[in-house]
Amino acid sequence: MGRDPRRDLLAGLTVAIVALPLALGFGVSSGLGAEAGLATAVVAGALAAVFGGSNLQVSGPTGAMTVVLVPIVARHGTGGVLMVGLIAGLMLLGLAVARAGRYMAYVPASVVEGFTVGIACVIGLQQVPGALGVAKPEGDKVLVVTWRAVEAFVKSPNWTAVALAAAVVLVMLVGARWRPAVPFSIVAVIAATIVAQVFHLDAAAPIGDLPSGLPAPSLGFVDLSALGSLLAPAVAVAALAALESLLSAQVADGMTVGQKHDADKELFGQGLANIAAPLFGGVPATGAIARTAVNVRTGASSRLSALTHAAVLAVIVFAAAPLVSKIPLAALAGVLIATAVRMVEVGSLRAMAKATRADAVVLLLTAVATLALDLVYAVIIGLIVAGALALRAVARQARMDQIDFRPDLPGEHSDEEHALLAEHIVAYRIDGPLFFAGAHRFLLELSEVADVRVVILRMSRVTTMDATGALVLKDAVEKLNRRGIAAMASGIRPGQRQVLDSVGALDLLRHEGREYLTTPEAIAGARKHLEHAGLLDPRHPRKATR
C-alpha cells in the first residue's frame with residue numbers, strides 16, 4: 001500500500017467523525033463524564049499513534065475498557081480510576097521491556113470471540129439507563145443496574161428518551177447495510193440533537209457543559225496510600241489494554257497487504273498513552289478495533305491518519321464544546337447499543353460453534369463469565385478451560401501399542417524360535433507425548449501385563465516428556481521388576497534423557513543394564529535375560545528349557 005497523505009488526512013477525518021460519539025459515550029458510561037472520553041481520545045490517540053507498533057492502529061476509550069472501569073469507579077471514585085490508568089501504563093511499559101507481545105499468539109480465537117460477545121452484551125446493558133432516560137442506579141453489577149433502571153422507568157416512563165435512542169439505533173443499523181461507507185453514527189446524533197433543540201424536548205437530557213479545551217496536566221489525583229488496593233484493578237486494566245490493543249493491531253494486519261505490527265512497540269506506545277491520559281483527566285485507553293477497521297477501510301496507509309483523528313477531536317474540544325454539550329444522552333446510548341449489536345458477528349460465531357465442541361464450550365463460558373463476573377476473569381477462565389481441553393486433546397493422541405518384534409530380530413530365525421521368544425517377551429511402542437495429562441493410563445496398561453518375563457518399551461516415537469511422564473515410567477518399571485518381569489527401554493531421545501535422569505528412571509534402567517539405543521539391541525538383551533533365567537538354552541536357542 002503506497003503512502004498518500006491526502007488519503008491519510010481523509011481517513012483521519014472520517015475516523016474522528018466515527019470516534020466522536022463513541023468517545024463521548026464511553027466517557028459517560030465509565031462514570032467520569034464525556035470530557036474524560038474526549039481527553040482520552042485526543043491524548044492517548046496521539047501518543048499511541050506516534051509511539052505504537054502499528055501504522056494503522058487507532059486508540060482511545062473503548063467499550064471493553066468501560067466494562068472494567070465501571071466497578072472501579074464505584075469502589076474507588078474518579079481519582080482511583082486515574083491512578084489505575086497511570087499504574088496500568090507503567091505495567092504496559094514493563095510488558096514491552098519484557099517482550100511479552102509474542103504471547104498474544106497463544107490466546108485462542110474461541111476466547112477472543114467469547115469475550116467479544118460478552119463485551120457487546122455488557123455495553124448494550126450499560127446503556128439501558130441512558131436509553132430509558134432514567135438516572136443511573138447505584139451498583140457495579142451490570143445486570144443489577146439494568147434491572148433497577150427498568151424498575152425506575154416503569155414507575156416514571158420517559159418515552160422521549162426511548163424514541164431518540166431507538167431512532168439512533170435504527171438509523172445506524174439500517175444505514176450501515178444501505179451505505180456502509182457513510183458514518184451514520186454522527187448523522188444520527190446530529191439529527192437527534194437538532195430534533196431535541198427544535199422541539200424543546202426537555203425530557204431528553206443533554207450531556208451538559210463541557211470544558212472548551214483540555215485541562216492542564218496534573219498529578220493531583222495521586223494517592224500513594226491507595227496503591228495497595230489499586231494494584232489488582234490496575235493489573236486487570238493493563239491486561240485488557242495489552243490484549244485488546246494487540247488483537248486490534250492483528251485485525252489491522254489481516255485487512256491489509258504488507259503491513260505488520262510490532263507487538264512489543266505497540267505495548268510501549270499504549271503504556272505511554274495510558275500514563276499521559278490520566279494527567280489530563282482521561283480514562284485508560286486501548287487500541288480500538290472498530291475505529292481501526294474504519295481507518296483501514298477508508299484508505300489509511302500511515303500513522304498520519306490516526307494523528308489526524310486525534311487532532312480533529314482536539315479542534316472539536318476547543319471550538320465546538322458548546323454544540324457538543326447539547327447532544328442528548330439518549331442519543332449516545334443509542335450509538336453504543338448499535339455499536340454493541342454490530343460487534344457480534346453471527347457468521348463468525350456460527351462457524352466457531354460448529355468447529356469443535358471444545359471451541360463452542362470455551363466461547364459460551366467466556367461470554368457468560370464476562371457478563372456475570374468481569375472481562376479479565378472471563379479471559380482467565382476461558383484460557384484455563386481452553387488449555388485444559390487442548391491438553392486433553394493432545395493427551396488422547398498418545399498411544400501405546402503392542403507390536404510384533406519379529407522384524408527387529410537380528411539374524412535368521414524360524415517360526416519355532418520366534419514362538420518361543422514370543423511366549424516370554426512383549427514389546428510396546430509409545431507414540432506421542434508422555435506427560436501429566438495422559439501418562440497414568442500407560443501405567444495402568446503396563447500393570448496389566450501378565451505371563452511374560454520381559455517387557456520392551458520402544459521410546460523413539462515419544463514426542464515430549466515431562467517430570468510426571470518420567471515418574472510414571474519409573475513407577476511402571478519398578479512395578480514390573482517387583483513382579484519378576486524385566487523392563488527394558490530402547491530409543492530414548494537425547495532431549496528426554498535429562499527428564500528421566502532427574503527422577504532417577506534412567507539410573508534404574510542402567511543399573512539393571514536394560515537401556516538400549518535400538519530395538520534389536522533390546523531384543524538381544526532380552527534373549528540374554530531369558531538365557532540367564534534358564535528359559536532359553538544358549539547352545540540351542542531354538543529350544544526352550546522346561
Side-chain angles (χ1 to χ4, degrees), residues 398-432 434 439-462 465 468-546:
R399 297 175 55 190
M400 186 173 76
D401 299 315
Q402 185 175 342
I403 59 168
D404 182 6
F405 55 81
R406 187 198 302 255
D408 294 306
L409 275 170
E412 296 293 329
H413 299 278
S414 66
D415 291 340
E416 181 188 1
E417 183 179 359
H418 177 264
L420 291 172
L421 292 172
E423 281 185 44
H424 303 295
I425 303 172
V426 64
Y428 289 98
R429 183 177 64 215
I430 303 175
D431 285 279
L434 189 62
H440 291 283
R441 63 190 173 92
F442 292 139
L443 174 61
L444 202 61
E445 286 184 47
L446 288 171
S447 299
E448 294 172 354
V449 173
D451 301 325
V452 294
R453 289 304 183 96
V454 179
V455 170
I456 297 174
L457 299 174
R458 296 181 60 172
M459 307 278 290
S460 60
R461 295 193 184 183
V462 175
M465 183 186 298
T468 303
L471 283 169
V472 165
L473 190 67
K474 179 186 177 185
D475 198 12
V477 169
E478 288 176 335
K479 286 184 176 180
L480 289 170
N481 288 347
R482 282 198 295 269
R483 290 172 53 200
I485 300 173
M488 300 180 177
S490 69
I492 297 174
R493 293 184 176 186
Q496 294 155 12
R497 301 181 75 83
Q498 184 179 351
V499 183
L500 288 166
D501 213 16
S502 67
V503 299
L506 214 54
D507 284 342
L508 182 64
L509 290 166
R510 284 173 183 157
H511 179 69
E512 302 289 342
R514 294 171 183 169
E515 194 243 325
Y516 301 92
L517 289 175
T518 65
T519 300
E521 289 178 13
I523 294 171
R527 292 184 60 168
K528 286 183 180 177
H529 177 77
L530 295 178
E531 291 169 4
H532 288 311
L535 297 170
L536 201 65
D537 188 341
R539 292 166 300 173
H540 303 286
R542 295 184 183 183
K543 295 182 180 179
T545 59
R546 301 291 183 187

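No hydrogens, no waters, no symmetry mates; every other heavy atom, side chains included, goes into these values.
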Query - Atom of His424, atom of Val452 and distance for their closest heavy-atom approach - result: O-CB, 3.6 Å
Query raised in the report: Say you draw a straight line from CG of Leu500 to CG of Leu471; how long is it, rounded to the nearest 0.5 Å?
Result: 9.5 Å
**Report entry** Residue pair Arg461 / Arg493: nearest heavy atoms and the distance that separates them
**Finding:** CA-NH2, 4.3 Å
Requested in this report: Can you measure from CE (Met400) to CZ (Arg458) and round to the nearest 0.5 angstrom?
Outcome: 14.0 Å
Report task. Find the distance between NZ (Lys528) and NE2 (His532) and round it off to the nearest 0.5 Å. Result -> 7.0 Å
Query raised in the report: Do the non-hydrogen side-chain atoms of Val477 and Arg514 ever get within less than 4.5 Å of each other?
Result: no
Requested in this report: For residues Leu517 and Glu521, report the shortest heavy-atom separation together with the two atoms involved.
Outcome: N-OE1, 3.5 Å
Query raised in the report: Charged N to carboxylate O under 4.0 angstrom, Arg399 versus Asp431?
Result: no
Report summary line: Rounded to the nearest 0.5 angstrom, the CD1-CD1 distance for Ile425 and Ile485 is 12.5 Å
Query raised in the report: So how far is it from Asn481 CG to Glu478 CD, rounded to the nearest 0.5 Å?
Result: 8.0 Å
Report summary line: Interatomic distance, CD@Gln496 vs CG@Leu434, rounded to 0.5 Å, equals 8.0 Å
**Report entry** Least distance between heavy atoms, Ala470 atom then Ala505 atom
**Finding:** O-CB, 4.1 Å
Report summary line: Nearest heavy-atom approach of Ala489 to Met459 is CB-CG, 4.3 Å
Query raised in the report: Testing Thr519, Thr518, Ile523 for side chain to side chain contact (heavy atoms under 4.5 Å, CB included) with Ser490, which one passes?
Result: Thr519
Query raised in the report: Does atom CD of Gln498 have more than 12 heavy-atom neighbours from other groups under 6.0 Å away?
Result: no
